[in-house]
Amino acid sequence: MPPTKPKYYLTTPIYYTNGLPHIGHTYSTIVCDAIRRYKRMLGYEVILTTGTDEHGVNVERSAKKAGVPESEFVAKMAAEWKALWDELGIQGDEFIRTTEVRHARTVQWLFKLCRENGYIYPGHYSGQYCIYDNSYVDVKPGEPCPDCGRPTETVTEANYFFKLSAFQNVLLDFYKKNPNFIQPEARRNEVLAFVEGGLRDLSITRTSVRWGIPVPGEEPHVFYVWFDALTAYLSAVGGPEYERRGFWPADLHLVGKEIIRFHAVIWPALLMAAGLPVPKQIWAHGWLLMDSAKMSKSLGNVVKPRPIVNVLGLDALRYYLLRETVFGQDGNFSYDSLVQRYNSDLANGLGNLASRTSAMIAKDCGGKIPKPGALQPQDNALAKQTQEAIGDVLEQYNNLGFSKALEEIWSVIAATDKYLTTEQPWALSDSEADQQRRATILWTTSEVLRVVTALTHPVLPDSTAKVWTLLGQQGQLGHLELEGLSWGQLKPGTTLGKSQALFPRIDKSEAIERMETMEKEEQQKPHPSAVVTPAAAPATTPAATGAASAAGAAVAPEGVQKIGIEDFAKVEMRVGQVKTAERIVGADKLLKLTVDIGTEVRQICAGIAQYYEPESLVGRKVVVVVNLAPRKLRGVESNGMIVAASVGPEGRPVLAGFAEEVEVGARLK
């Protein structure tokens with residue numbers, strides 16, 4: 001009986017169904033797919049779960065606005081998400097929808113366990129709710145959300161509460177004993193500071209929302225989005241019967257940095273309260289930025305994956321995303337750097353090495369891997385570098401260091417290109433000595449190609465499979481166990497397979513023009529989100545969303561209460577000029593500005609960090625409400641308010657400005 005394979009379970013974020021996937025979501029999912037492929041090459045039995053979060057007030061309102069049932073709305077959106085992952089070759093093993101019966105059963109079971117253990121109690125909530133962040137906030141009516149700065153709603157309803165406060169010290173002790181539970185270090189420090197600041201009990205049901213999983217026997221209570229969505233990770237691998245499948249606890253939850261607190265604080269606390277195992281690790285990656293701004297459909301800087309794949313191929317997209325961005329940090333996307341990477345690394349690098357090596361073997365060695373002769377120091381040096389790269393790359397993969405791993409692999413490819421250029425096997429004569437030397441050079445080059453092909457397979461599955469076949473290697477590359485990979489395993493006499501085009505060079509300007517044209521066509525295509533969200537007011541789809549998106553689809557009020565001129569006269573607005581701008585540590589959505597309003601320089605906090613880079617604001621003239629009472633946002637005093645338009649259903653802020661020159665301090669009236 002064959003030995004039992006070790007199990008490994010990882011998850012993407014559970015993506016919110018208020019928009020269609022773009023390259024930010026694609027990045028999260030491709031990272032997980034690469035991990036899955038790598039772990040399988042180490043001999044693990046792997047399950048990768050992805051899926052869609054389909055409940056909550058945002059979906060309820062969007063479906064109502066579209067005039068369709070919620071079930072129809074989310075079914076169309078979920079189908080689009082799943083279809084794209086299938087099209088991109090994402091090898092997801094479980095696609096969980098939070099509207100599935102198996103998920104509802106798991107949510108209700110988790111609630112029952114927490115309640116039986118004394119961690120859930122009934123109560124009432126009366127206060128402000130931020131629809132954009134799906135969270136209750138501690139501000140007064142009329143005040144904006146302290147995290148994002150956008151309007152809040154007053155909510156009064158009966159709820160069930162989870163005793164999150166009881167887990168403050170428990171969590172801190174857990175973090176201390178498990179220092180690698182939260183990665184990277186910056187996100188760990190953020191979570192530690194948040195928990196050390198004190199935890200408040202959490203509302204986990206709502207009675208003012210209809211679209212959700214009901215609390216059994218407690219209707220009209222439905223489960224609040226985070227209790228619901230987070231549980232999808234468990235329901236995907238068995239729910240109440242998780243022990244039978246043997247994949248819980250999860251080895252890795254991969255999420256976007258904006259939702260790390262929900263996953264690293266609320267989720268483990270819920271599991272602890274239920275007496276269930278806690279995930280082993282949570283990794284928060286950064287955002288993909290476009291022109292240094294977070295991707296947002298409402299900003300018009302969203303990039304879709306299909307045009308890239310259609311022009312450059314799937315592996316080019318995978319390579320660029322994993323090579324260009326250091327995992328855990330923000331990355332910047334541009335078509336220019338994408339095509340540059342394609343031509344320099346893929347066409348001139350791996351593709352060229354495979355092409356020239358196979359061509360010389362076909363010409364000079366009868367199409368068979370030659371038998372090497374006596375090795376020279378330069379042969380041994382390349383062999384040593386390649387052997388050392390195996391260990392280094394596997395170590396980087398283990399630590400999710402994809403960019404460094406690929407850098408190491410491509411340094412071997414570059415060294416091999418230099419080796420060929422120096423040794424010049426094509427210039428050797430037909431003498432026996434030169435033929436033996438040529439055989440040694442081409443065997444050495446082929447062996448490098450075999451090793452780097454195996455190492456690169458988790459990132460470039462399609463093209464490496466072609467190189468593997470070209471080298472005449474047997475079996476599927478994805479089934480090769482990487483831990484047994486070492487130098488010297490290429491058998492002489494192996495017949496080469498059929499040569500296939502890998503990465504033909506492409507003109508940069510032409511490629512960019514084609515991708516941009518296709519991108520515009522993609523944006524104009526009718527799709528499920530277009531039914532719900534008119535083109536004039538597109539929905540935000542943040543890069544790397546998680547179990548619930550920060551964006552919502554707010555519905556405009558039925559009517560607007562009129563005010564008198566005397567009320568408007570109470571608001572004093574002046575022209576200000578931004579002197580400095582900086583981000584606030586631990587508050588991804590807030591910027592701290594100093595603004596010259598003519599008579600003084602004010603410190604003002606603004607919830608625009610997702611849409612404006614600090615340096616782009618310095619020197620800009622803005623409209624400032626100067627007679628607001630000072631208040632604190634995340635512990636930073638704000639003395640005034642920057643005026644911005646709220647654009648689109650998600651309320652994207654666009655700063656008010658001036659078409660003509662106006663002096664600082666001028667009053668608006």
Side-chain angles (χ1 to χ4, degrees), residues 8 10-15 20-41 46-52 80-95 252-257 283-290 295 302-335 337-338 341-342 345-346 396-397 399-407 409 455-465 477-478 503 515 541-546:
Y8 190 88
L10 74 155
T11 68
T12 74
I14 305 300
Y15 300 108
L20 294 173
H22 58 58
I23 202 169
H25 310 107
T26 304
Y27 173 65
S28 303
T29 313
I30 282 178
V31 167
C32 283
D33 182 74
I35 297 170
R36 177 190 184 275
R37 292 175 187 273
Y38 169 64
K39 288 294 183 180
R40 289 207 164 186
M41 292 180 76
V46 185
I47 282 184
L48 165 59
T49 286
T50 188
T52 46
E80 288 288 328
W81 283 82
K82 191 174 189 305
L84 180 63
W85 299 153
D86 291 343
E87 186 179 329
L88 296 182
I90 306 296
Q91 296 186 342
D93 304 287
E94 293 285 349
F95 189 95
L252 175 65
H253 288 323
L254 188 143
V255 301
K257 66 179 182 179
W283 250 100
H285 63 72
W287 293 330
L288 274 185
L289 307 176
M290 185 76 167
M295 286 190 189
V302 163
V303 175
K304 297 293 183 67
R306 282 191 180 97
I308 297 172
V309 173
N310 288 340
V311 175
L312 301 178
L314 175 57
D315 277 1
L317 173 62
R318 293 174 65 100
Y319 178 80
Y320 176 76
L321 292 177
L322 295 179
R323 175 65 180 89
E324 192 76 7
T325 301
V326 176
F327 190 69
Q329 300 178 15
D330 288 346
N332 197 55
F333 176 90
S334 76
Y335 284 120
S337 61
L338 168 65
R341 280 283 182 199
Y342 172 88
D345 292 12
L346 298 180
Q396 289 296 338
Y397 278 161
N399 296 320
L400 309 188
F402 301 105
S403 182
K404 290 183 178 179
L406 293 172
E407 182 181 357
I409 293 170
L455 290 176
T456 314
H457 182 68
V459 178
L460 305 178
D462 291 348
S463 51
T464 51
L477 183 52
F503 304 104
M515 287 187 286
T541 49
T545 66

Closest non-hydrogen atom pair between Asp462 and Leu314, with its separation:
OD2-CD2, 4.0 Å
Fit a plane to each ring of Trp81 and Trp85, take the angle between them on a 0 to 90° scale, and name the class: parallel (under 30°), tilted (30 to 60°) or perpendicular (over 60°).
perpendicular
Check: Tyr319/Ser463 side-chain N/O donor and acceptor closer than 3.5 Å
no
Hey, could you give me the OH/OH distance between Tyr342 and Tyr320, rounded to the nearest 0.5 Å?
15.5 Å
Heavy atoms only: give me the nearest His285-Ser28 pair and the separation to one decimal.
NE2-OG, 2.8 Å
Return the set of residues passing side chain to side chain donor-acceptor pair (under 3.5 Å) with Thr49 (not counting sequence neighbours), or none when no residue passes.
Tyr9
Applying side chain to side chain donor-acceptor pair (under 3.5 Å), name anything that partners Arg36, two or more places apart in sequence or on another chain.
Gln91, Asp93
Side chains of Leu84 and Arg306: closer than 4.5 Å at any heavy-atom pair?
yes
Nearest 0.5 Å, please: how far is OH in Tyr27 from CD1 in Ile30?
10.5 Å
Can you name the nearest heavy-atom pair linking Val46 to Arg40, along with the distance?
O-NH2, 3.0 Å
Between His457 and Leu477, the two heavy atoms sitting closest are ND1-CD2, 3.4 Å
Counting the benzene-type ring for Trp, do Phe327 and Trp283 have ring centres under 6.0 Å apart?
yes
Apply side-chain contact (heavy atoms from CB on, under 4.5 Å) to residues Leu312 and Met515 and explain how you reach the verdict.
CA-CA 9 Å; Leu312 301 178; Met515 287 187 286; 4.2 Å; yes
Could you tell me which non-hydrogen atom of Pro305 sits nearest to which non-hydrogen atom of Pro21, and how far apart they are?
CD-O, 4.4 Å
Arg318 side chain to Val459 backbone, donor-acceptor under 3.5 Å:
yes
Quick one, Val311 and Tyr335 - any side-chain contact, counting heavy atoms below 4.5 Å?
no
Check: Lys82 and Thr52 side chains under 4.5 Å, non-hydrogen atoms:
no
Using 0.5 Å steps for rounding, measure from the CD1 atom of Ile47 to the CG atom of Leu10.
10.0 Å
Between Asp345 and Phe503, is there a side-chain heavy-atom distance shorter than 4.5 Å?
no
How many angstroms lie between NZ in Lys304 and NE2 in His25, if you round to the nearest 0.5 Å?
10.0 Å
Approximate separation, where rounding is to 0.5 Å, of Met41 CE and Tyr397 OH
8.5 Å
Leu400 vs Ile35 side-chain heavy atoms within contact, under 4.5 Å
yes
Are the side chains of Cys32 and Thr11 in touch, meaning some heavy atoms are under 4.5 Å apart?
no
Does any non-hydrogen side-chain atom of Ile23 lie less than 4.5 Å from one of Leu321?
yes
Of all heavy-atom pairs linking Glu324 and Asn332, the shortest is CG-O, 4.4 Å
So Val31 and Leu254, do their side chains get closer than 4.5 Å, heavy atoms only?
yes
From CG (Asp33) to CG (Leu48), nearest 0.5 Å
7.0 Å
